[in-house]
Novice: 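I'd like to ask some things about the structure below.
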Amino acid sequence: MKIAMVGSGYVGLVSGACFADFGHDVVCIDKDQSKIDRLHDGVMPIYEPGLAELVGANVKAGRLTFTTSLAEGIKGADAIFIAVGTPSRRGDGHADLSFVYAVAKEIGESLANDAVIVTKSTVPVGTGDEVERILADSGTSHRFAVVSNPEFLREGAAIGDFKRPDRIVIGAEDDFGRDVMREVYRPLFLNESPILFTGRRTSELIKYAANAFLATKITFINEMADLCEKVGADVQDVSRGIGMDNRIGAKFLHAGPGYGGSCFPKDTLALLKTAEDFDSPTRIVEAVVKVNDSRKRAMGRKVLDALGGADNARGKKVALLGLTFKPNTDDMRDSPAIAVAQTLTDAGVEVAAYDPEGMEQARPLMPEVTMVEDPYAAIDGAHAIAIVTEWDVFRALDFNRIKDLAKAPVLVDLRNIYRPDDVRALGFDYSSIGRIFREA
Ligand code: UDX
C-alpha cells in the first residue's frame, strides 16, 4: 500500500513512521522546507522516545520518504492522511480548521488517482462533510472517499500506542473507504487490535468524547484530592479503591497539578464550542475546564504556602523541577508549570528551573525564570523545591545533597512521586497532593 501523510508534525510523523514500519510505502509531506531538510538529515522536529531510530530504520529500508510537494507526495497513494494542526482559534476556542481545509483543497486539485482521504487531525463533528464538499468542488475526476480516523497517541508513548492500540476507530460512509482502511490497518488487525467501524460523524465525536472523559476523570480525582486534604484521607488509596472497580478502571486517576498538553485543553474547549453551536450543553465538561484552569494557579499558591504564605514569599527562592506538561516530551503547551511559575514570580519569588527536555520551549513562556543545567543547580540556595513534572530523574533525588544545598528542606511534590513518611523521616517539610500528614 502507498500512504501519503500530509503534515509531518507529531501525529503525522509518528503515524507515518509506524505505517512504514508495518511495511507500507509512506511519504511524509510538509510545507516547511527546513523541517523536511532536517528529516532528510535524520533530525527529528520533536522529542519522542524511539522516533529517530524508527524513522532512520525505515528511511534506510526505503519505505519512508519526505517531500515538500503535496502533488508529488500523493501521487499513486491509496490513502492520503491529513495530519495538520487544528489549534484553538483565538477568542472562541473553536478548532481552527483553515489548515485542514487548505490541504483538502490542494489534494482535490492535485489528485492523480482514486484515493481515500483520511482526517487524522482532531476535527470537530462535520469536518469530514466539509472536506468531502471541498474535494467535490475541486472538480476531480477520480473516485475518492473521506474517512475519519482519530489518533489516540500519548506523547512520550506514541509509538507503543500506535503499534498496540486499545482500538482503531474508523468513520466511513462507504465500502471504498472501509475497504482501503481495512488494508491500511491490516498489520494491526492481525495483532488482534479491534477496529471499530462507525459513521464519520460518530468517529469524529468519539475522539472528543474520549479526551473529555479522560480530562473529567483526572479532574474528578484532583477534586477528590483536595477533599482528602481537608478530611484527612489519602487520594492514592482512594484512586486504588475506586480504580479496582472494573466499571471505573484504574487509569487516569493519578491526582496532580491539573492536565495540560496539546490535546485535553484544546479538545475540551472545542467540544464545548460544538455543544454550544448545536445547542446541546455539556455542563460536566464546562465544569472540568473551569476546575482545571483554576487548579494550575492554586498549585502555585500551594508552593507559596510552603514558603510560609504569599506575604513571606518575596525575595525567597524556589526550585522548580520539571516544566513540561508531562515527562518524556519537550512539550510545554498548557503545562501547569507556566501558571505555577507565574504565581510565584508575581509574589516576588525568585524561580530557578530545570527540565530534562523542555527548557528551550519553556524559556519564552516564563521569561522571569532562570533555567539551569541540572536539578541541584536549581536547588542551590532554594527555600523550597517543587516537583512539577514526574521525570524519572527526580524520582531518586539525593536528599542529603539537597539538605546541604538548599536554604530550607522544604519539598512540594505536585506529582506524589515520594512517600510522605520516607521524606519526612529525612527531616523534610513535605507536602503533596491529597495526602495529609498525621502524627502517629
Ligand atoms: C492525550 C490522550 O491520552 C491521547 O489519547 C490523545 O490522543 C492526546 O491527548 P497526551 O496529551 O499526550 O495524550 O498525554 P496524557 O498522558 O494523556 O496526559 C495528559 C495530561 O493529563 C498531562 O498533563 C498529565 O500529567 C495529566 N494526567 C494524566 C494526570 O494529571 N493524571 C493522570 O492520571 C493522567
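Sequential numbering from 1 along the given sequence is applied to the chain's residues. In each ligand, atom 1 is the first atom listed, and ligand 1 is the first ligand listed.
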Novice: Who's the nearest protein heavy-atom neighbour of atom 1 (C) of ligand 1, and how far?
Specialist: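 I find the closest protein heavy atom is Phe264 CE2, 3.6 Å.
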Novice: Less than 3.5 Å apart, any donor N or O on the side chain of Glu155 or Tyr10 sitting next to an acceptor on the other?
Specialist: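 Short answer, no.
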Novice: With atom 28 (C) of ligand 1 as the reference point, say which of Asp331, Asn211, Ile218 has the nearest heavy atom.
Specialist: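 The residue whose heavy atom sits nearest atom 28 (C) of ligand 1 is Ile218.
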Novice: Mind checking whether Leu253 contacts ligand 1 via backbone (N, CA, C, O), side chain (CB onward), both or neither, at a 4.0 Å heavy-atom cut-off?
Specialist: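 Contact part for Leu253 vs ligand 1: backbone (N, CA, C, O).
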Novice: Is the side chain of Ser335 donor-acceptor paired with the backbone N or O of Leu323 at a distance under 3.5 Å, no angle test?
Specialist: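 Checking the backbone N and O of Leu323 against the side chain of Ser335, a donor-acceptor pair under 3.5 Å is found.
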Novice: Considering only protein heavy atoms, which is closest to atom 12 (O) of ligand 1, and at what distance to one decimal place?
Specialist: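 Scanning the protein heavy atoms, the shortest distance from atom 12 (O) of ligand 1 goes to Glu155 N, 2.6 Å.
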Novice: Is it true that Arg182 and Asp179 have a side-chain N and a carboxylate O under 4.0 angstrom from each other?
Specialist: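 Yes.
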Novice: Among all protein non-hydrogen atoms, which one is nearest to atom 4 (C) of ligand 1, and what is the separation to 0.1 Å?
Specialist: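 The protein heavy atom lying closest is Leu153 O, 3.5 Å.
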Novice: Can you tell me if Tyr259 and Asp334 form a side-chain donor-acceptor pair at under 3.5 Å?
Specialist: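 Asp334 and Tyr259 do not have a side-chain donor-acceptor pair below 3.5 Å.
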Novice: Looking at Arg247 and Asp245, does any basic side-chain N land under 4.0 Å from a carboxylate oxygen?
Specialist: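 So Arg247 pairs with Asp245 through a salt bridge.
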Novice: Measure from atom 5 (O) of ligand 1 to every heavy atom in Phe152, Phe252, Phe325 and give the option owning the shortest one.
Specialist: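 It is Phe152 that holds the nearest heavy atom.
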Novice: Measuring from atom 32 (C) of ligand 1, which candidate in Lys251, Lys266, His254, Glu390 has the nearest non-hydrogen atom?
Specialist: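 Shortest heavy-atom distance from atom 32 (C) of ligand 1: His254.
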Novice: Would you say Tyr259 and ligand 1 have an N/O pair spaced under 3.5 Å apart?
Specialist: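 No; every N/O pair is 3.5 Å or more apart.
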Novice: For atom CZ of Arg395, decide whether the heavy atoms of other residues, nucleotides or ligands shown that lie under 6.0 angstrom number more than 12.
Specialist: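 Check passes, neighbour count above 12.
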Novice: Could you pull out, from Glu151, Lys217, Lys326, the option with a heavy atom nearest to atom 16 (O) of ligand 1?
Specialist: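 Heavy atom nearest to atom 16 (O) of ligand 1 belongs to Lys326.
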Novice: Which protein non-hydrogen atom lies closest to atom 3 (O) of ligand 1, naming both residue and atom, and how far is it?
Specialist: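 For atom 3 (O) of ligand 1, the nearest protein heavy atom comes out as Arg154 CG, 3.3 Å.
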Novice: Heavy-atom count around Phe220 CZ within 6.0 Å, excluding the residue itself: above 12?
Specialist: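 Counting other residues, nucleotides and ligands, CZ of Phe220 stays at 12 neighbours or fewer.
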Novice: Under 4.0 Å, counting heavy atoms only: does Ser262 come that close to any atom of ligand 1?
Specialist: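 In this structure, Ser262 fails to qualify as a contact of ligand 1 - no heavy atom is under 4.0 Å.
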Novice: So for atom NZ, which belongs to Lys273, do other residues, nucleotides or ligands contribute more than 12 heavy atoms lying within a distance under 6.0 Å?
Specialist: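 Counting neighbours around NZ of Lys273, more than 12 heavy atoms of other residues, nucleotides or ligands fall under 6.0 Å, so yes.
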Novice: Short list, please: which atoms of ligand 1 are under 4.0 Å from a heavy atom of Cys263?
Specialist: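 The list of qualifying atoms is 8 (C), 9 (O).
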Novice: Under a 4.0 angstrom heavy-atom cut-off, which atoms of ligand 1 come close to Arg415?
Specialist: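 Listed by number with element, the hits are 25 (O).
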Novice: Mind checking the CG-CG spacing from Leu414 to Leu321? Nearest 0.5 Å is all I need.
Specialist: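 Taking CG in Leu414 and CG in Leu321, the distance rounds to 10.5 Å.
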